[in-house]
Amino acid sequence: MQAFTLLPALGQPSLASQLRALLTMARKEWTIFRRYPSWIMSFLIWPFIFPLGAIFTARALSGRDGSSLSAFALLAGTTDYVGFLVVGLAMYMWLNITLWDVGFQLRNEQMRGTLESNWLCPVWRFSIMLGPSLTKMATSTLFLVMAVFEYRLLFGIWVVGGNIGLVLLILLLVIPSIYGIGVAFGSLVIRFQEANTMVFLVRGIFMIFTGTSYPLAILPDWMQRVAAWLPLTYAIRAMRAVSLNGATLRDILPDLQMLALFALVIPLAGYWLFQFTERRARRTGSLGKY
Amino acid sequence: MIQTPPLAQITWRSHLRALRAIAKKDYYHFIRYPLNAIFRVVQPIIWLTPIYFLGQSFKTDAGNVGFANYAGTADYVSFILVGSMLSSYIGSVLWGMGYALKNEMDSGVLESNWLTPTPRFAFLVGQTVANILFTTLMNVGILGLGWLLFDFSITGNVLQALLVLLPMLLALYGFGFGFAAIVLLMREANTLIDVSDYLLSLFSGSMFPVQALPVVLLPIALALPLTYGFDAVRGILIKTTTLLPIPYEITILLLFMLIMVPTGYLIFRWVERRCQRLGTLGMH
């Protein structure tokens, strides 16, 4: 008689099967990403062209003879408005990509009519959002790296020049916040069934309050108080200090502490919001609607 | 008994009916998502606020003197508001034509819609009608908010400015036809439209006077007829220093319109025939 080795069936939920589901979702996203080669254009062109609008506006505002530059330097602590803008806008672009990518994850499934059926699979539902986010994290990191080299080549600004270790530390501390915001945002999109508007609103709030393209000191007090609640404010300030003014760990420690705090709180809040949305969607049967 | 042509008979009235039906469909889509409708007015303010604060951070005791060197006016808020309004029409046409086409591809209805005896231009133009109307309403809202929040003011003749806007808009439609052809070929719209919309707005000087561009980039701005449209409208409305005398700029816009509309449509028809031959209309 033949002896059979009992292996867990593929359909049986286990840690390995959850991991398989996660990786499958990540691979699916990678296949879609490669299918539309216009991402190459997007990755090459956007980091370069996006800051141009603000840079040329700043150039026009400073005047032919640079007569208004002193006013800017007084507030920003540097006359290098190109470097100042490039650092702020690179961080903003990163957040923007995450909002579109992670935020649209569930919405795209909802639009294609596959969200409900995917959620019936015996897998950890969060992996439906997390799996593709892993791919998106890899692609957005590639975007950032390309941006850094483009700024070096085209604007002569070496963003990581001050202290590469500190720059990486800032990025590492801000990643959980950015993806936490992305997850929370993706859940809200499912709730309100409207993604574009939500992206514009959330990224708009960050653009206005975090000083991406101007010194925070110019903002009225109430706006500065709002800025203090946003992780990107600290990341941009620390990044500018390191890249443009050669700040040390001690100089940016308060900003790093705040980033660490946000890194703990925001992902948890994002996950809680995801679970809340999931329960609500099941109760109201709104998953299949769009 | 009065003989009326049957509904299926192709006439100019049937084309107009199709155009209206497409615009009505877009209107339903628009009001179905009320957040979107409200946000269309708020969105430009979100874009303008950082530019406003950027301008404030360059302000000296004597005002925005640096900016006045280039533009002939220190009122950079009005300068940018007018630019933002005009560039919203670029977006309307490009997104209206290109993105709507891509949406129909994704929903799988492009092929079946195109089997109806409605001319293609009615599909393309129809998809922008609602968008242009919403953009115009949105611009009125922006002007109101700009007046309330940023002291926006107009000193020139609005009617004259609208007359300049008309050929610019028609020429944009020509550009939009050609653009829709590219979307048909590439079957991708987002990046294409985003980049084109941004670059066109950037180099036409929607955010700053093109004279502030580095010498190597200035020829690109000067080669774009839209630059003269932006420049002429600003010259009329807020009395900025124009690149050329305003009548010359209007002539350039009229020529642009006469060339762009037929050229764009011919390119679209050529690409459409190619897609029909290859059978790629149903793909996305």
Side-chain angles (χ1 to χ4, degrees), chain A residues 35-43 45-46 49-50 52-76 81 85 88 92 100 111-112 192-198 200-201 203-205 207-209 211-219 223, chain B residues 32-40 42-43 45-71 76 79-80 106-107 186-192 194-195 198-199 201-203 205-214 217 221 284:
Chain A
R35 164 64 191 80
Y36 297 98
S38 63
W39 67 266
I40 299 171
M41 192 166 96
S42 173
F43 272 43
I45 293 179
W46 271 121
I49 64 169
F50 186 71
L52 288 183
I55 290 172
F56 293 142
T57 306
R59 189 178 151 104
L61 285 162
S62 56
R64 287 180 208 275
D65 51 357
S67 52
S68 294
L69 205 53
S70 54
F72 177 80
L74 220 61
L75 292 162
Y81 62 83
L85 291 169
Y92 167 79
W100 281 108
M111 295 288 283
R112 292 179 197 130
F192 292 105
Q193 297 172 357
E194 171 55 61
N196 286 34
T197 309
M198 303 278 295
F200 287 131
L201 185 70
R203 77 177 184 182
I205 290 170
M207 182 143 208
I208 289 175
F209 289 99
T212 48
S213 54
Y214 49 82
L216 278 175
I218 196 74
L219 289 178
M223 288 180 81
Chain B
R32 166 63 190 84
Y33 301 98
L35 260 182
N36 190 19
I38 296 167
F39 200 70
R40 283 284 292 267
V42 183
Q43 187 193 336
I45 299 295
I46 286 179
W47 278 110
L48 288 170
T49 307
I51 301 173
Y52 169 77
F53 284 118
L54 181 64
Q56 289 296 99
S57 58
F58 278 92
K59 201 170 182 176
T60 63
D61 293 335
N64 279 101
V65 282
F67 184 79
N69 280 344
Y70 282 110
Y76 78 96
F79 185 95
I80 288 165
D106 285 350
S107 325
M186 293 191 66
R187 285 172 260 152
E188 210 280 338
N190 250 348
T191 311
L192 256 176
D194 239 3
V195 172
Y198 183 79
L199 284 179
S201 295
L202 181 84
F203 284 110
S206 71
M207 294 174 259
F208 51 86
V210 290
Q211 299 93 316
L213 282 169
L217 296 176
H284 68 92

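The structure displayed is predicted, hence computed values, not measured ones. Proteins come first, then strands; the chains are lettered A, B, ... in the order of their sequence lines, and each starts at number 1.
In this structure, chain B has heavy atoms under 4.5 Å from both the backbone and the side chain of A/I49. Looking at B/L202, the atoms closer than 4.5 Å to chain A (heavy atoms on both sides) all sit in the side chain, from C-beta outward. Looking at A/L75, only its side chain comes within 4.5 Å of chain B, counting heavy atoms on both sides.
Between chain B and the options A/A60, A/A58, A/G204, heavy-atom pairs under 4.5 Å are most frequent for A/A60. No other option in B/G205, B/P214, B/S201 has as many heavy-atom pairs under 4.5 Å with chain A as B/P214. Between chain A and the residues B/Y76, B/F67, B/Y70, the largest count of heavy-atom pairs under 4.5 Å involves B/Y70. Note on A/L219, A/I205, A/I45: by heavy-atom pairs under 4.5 Å with chain B, the leading option is A/L219. Chosen from B/S206, B/G66, B/A68, the residue pairing most often with chain A at heavy-atom distances under 4.5 Å is B/G66.
The CG atom of A/L61 sits 6.5 Å away from the CD1 atom of B/I80 when rounded to the nearest 0.5 Å. Here A/I218 contributes atom CD1 and B/L54 contributes atom CG; the two are 10.0 Å apart, rounded to the nearest 0.5 Å.
Partners of B/T49 according to the side chain to side chain donor-acceptor pair (under 3.5 Å) rule, which considers only residues two or more places apart in sequence or in another chain, do not exist here.
Listed here is the closest heavy atom pair of B/T60 and A/A71: CG2-CB, 4.1 Å. Heavy-atom minimum distance, A/L52 versus B/Y198: N-OH, 4.1 Å. Considering every non-hydrogen atom in both B/V65 and A/S67, the closest pair reads CG2-OG, 4.2 Å. Of all heavy-atom pairs between B/A212 and A/F56, the closest is CB-O, 4.2 Å.
The aromatic rings of A/Y81 and B/F58 stand perpendicular to each other, their planes meeting at an angle above 60°, with 30° marking the opposite boundary.
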